[in-house]
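Data first, discussion second: the structure below is written as structure tokens.
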Amino acid sequence: MNVLVINCGSSSLKYQVIDSESEQVLAKGLCERIGIDGRLVYQPAGGEKEITDAPMPTHKEAVQMVLDALTNEKTGALKSLDEIDAIGHRIVHGGEKFTSSTIINDDVIKTVEECNDLAPLHNPANIIGINACRDLMPGVPMVGVFDTAFHQTMPKEAYMYGIPYEYYDKYKVRKYGFHGTSHSFVSKRAAEITGRDYGSLKTIVCHLGNGASICAVDGGRSVDTSMGLSPLEGLIMGTRSGDIDPSALEFIANKEGLDISGILQILNKKSGVEGISGVSSDFRDLEKASSEGNERATLAIDMFAYRVAKYVGSYAAAMNGVDVICFTAGIGENTGFIRKKVCDRLGYLGIALDESANSTRGEEIKISTADSKVEVYVIPTNEELAIARETVALVK
Ligand code: AMP
């Protein structure tokens with residue numbers, strides 16, 4: 001079965017076509033600058049990357065261009081659109097309504113729309129992508145895979161905020177968590193690699209990318225995670241602040257003459273390691289600047305790693321133990337120096353790092369020593385494959 005996986009942002013659309021039997025990617029790419037001017041990047045398996053600049057006023061034109069590229073006579077990965085058997089859509093926020101992936105129908109679209117004000121930047125874009133695919137490929141079954149669904153198993157004491165209960169009752173203000181597809185994929189893979197029973201394994205997954213979150217997975221269920229109502233809570237990220245005393249915001253707002261949306265703009269776009277270092281949100285730049293003696297770059301790196309280690313410690317406490325710790329996503333997979341800084345703070349858990357294994361990049365590998373009390377792994381995430389698997393499971 002061939003699955004088209006779609007991940008729509010407000011002005012972008014990432015896609016892959018995956019053959020579910022071989023789990024090979026047949027083609028992948030993205031549309032950028034939708035609604036501005038428009039650019040299509042298309043790459044068939046084993047082929048050259050093609051870049052085409054063309055107007056894309058809406059996501060519908062973007063989807064049409066993707067379909068045209070996929071079926072192009074010379075470079076298309078498919079002979080015709082009939083070879084697309086199902087479409088899997090990443091949907092950011094499923095609120096409390098979606099506890100697992102679901103076949104998309106009118107009722108589902110309506111319910112996703114009801115979650116729009118929980119993710120005003122993401123969910124409307126996801127729905128536009130769904131509608132564009134529906135218009136252009138009517139009859140092809142579609143599945144929604146939610147970033148939040150995996151975390152719906154969290155207990156109430158973990159997901160409630162310490163604010164008046166009425167805000168939960170009236171508006172569903174609570175922790176939801178994100179990156180669920182990745183946390184689920186990586187924790188399952190950890191059980192496979194270690195040969196342990198997923199149903200009894202205690203795993204902490206550190207998804208460290210430009211957006212970063214940590215998840216405590218106890219017996220295959222997410223029991224706590226660092227992101228909250230929105231993806232702003234928790235770790236220090238590329239440009240996002242993570243946890244901060246809300247009173248600091250009133251203080252800054254008064255000093256700088258900002259309103260709430262101005263403050264949120266700063267917390268989302270101008271904070272994190274970029275805001276601290278003044279250098280970049282990218283750890284390649286930070287590592288270089290730090291090695292050249294830039295003190296704020298070093299501080300940003302240290303703060304990032306410290307916060308990760310603090311969350312790992314708190315999740316080991318939340319689960320009353322931990323068997324496996326996994327690092328994944330751009331930073332988790334590629335930066336041994338961050339993994340080392342985190343693990344060096346976790347000696348009390350009996351963690352011992354294999355420095356040679358830890359120096360590898362981007363591959364699945366055990367990075368703890370044979371006598372380490374907790375096993376530590378790098379496990380590359382693959383959210384698109386996870387979405388394709390979920391899609392096939394529901395469509396078959
Ligand atoms: P993601 O959001 O998972 O795509 O991760 C993107 C981030 O991963 C980038 O902003 C970098 O900070 C980091 N990253 C990606 N590749 C590397 C690399 N080769 N070395 C160091 N950091 C990397």
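As the structure lists them, so they are numbered: ligands from 1, and atoms in each ligand from 1. Note that this is a predicted model, so its numbers are computed, not measured.
- Here's the thing with L208: none of its N/O atoms is less than 3.5 angstrom from an N/O atom of ligand 1.
- Considering backbone and side-chain atoms together, F283 places an N or O closer than 3.5 Å to an N or O of ligand 1.
- Taking a cut-off of under 4.0 Å to the non-hydrogen atoms of T335, the atoms of ligand 1 that pass are 21 (C), 22 (N).
- A salt bridge between R90 and E383 is absent, with no side-chain N of the basic residue lying under 4.0 Å from a carboxylate O of the acidic one.
- For the side chain to side chain contact (heavy atoms under 4.5 Å, CB included) test with F146, the passing option among T102, V92, N126, T181 is T102; the others fail.
- No close placement of the Y161 and Y167 rings is indicated, their centers lying 6.0 Å or farther apart.
- In this structure, F251 stands alone, with no Ile, Leu, Val, Met, Phe, Trp or Tyr side-chain heavy atom under 4.5 Å from its own, directly or through other members.
- Shortest contact from atom 14 (N) of ligand 1 to any protein heavy atom: G330 O, 3.6 Å.
- Shortest contact from atom 9 (C) of ligand 1 to any protein heavy atom: D282 OD2, 3.8 Å.
- Atom 13 (C) of ligand 1 has as its closest protein heavy atom I331 CG1, 3.6 Å.
- Remark: the S314 side chain and the K310 side chain contain no N/O donor-acceptor pair separated by less than 3.5 Å.
- Shown in contact with G209 at under 4.0 Å from a heavy atom are these atoms of ligand 1, numbered in order with element: 1 (P), 2 (O), 3 (O), 5 (O).
- Geometrically, ligand 1 and H207 share no nitrogen or oxygen pair separated by less than 3.5 Å.
- Ligand 1 has a nitrogen or oxygen under 3.5 angstrom from a nitrogen or oxygen of R361.
- The side-chain tip of R174 points at the ring of Y176 from less than 6.0 angstrom away and within 45° of straight on.
- Taking a distance limit of 4.0 Å, we find that atom 4 (O) of ligand 1 is approached by no protein heavy atom.
- With ligand atoms numbered from 1 in the order given, ligand 1 contributes 15 (C), 16 (N), 17 (C), 18 (C), 19 (N), 20 (N) to contacts under 4.0 Å with heavy atoms of N334.
- Taking the centre of each ring, F178 and H93 come in below the 6.0 Å mark.
- Using the six-membered ring where Trp is involved, H207 and H179 have ring planes that are parallel, under 30° apart on the 30 and 60° scheme.
- Given atom 6 (C) of ligand 1, the protein heavy atom at minimum distance is N210 N, 3.8 Å.
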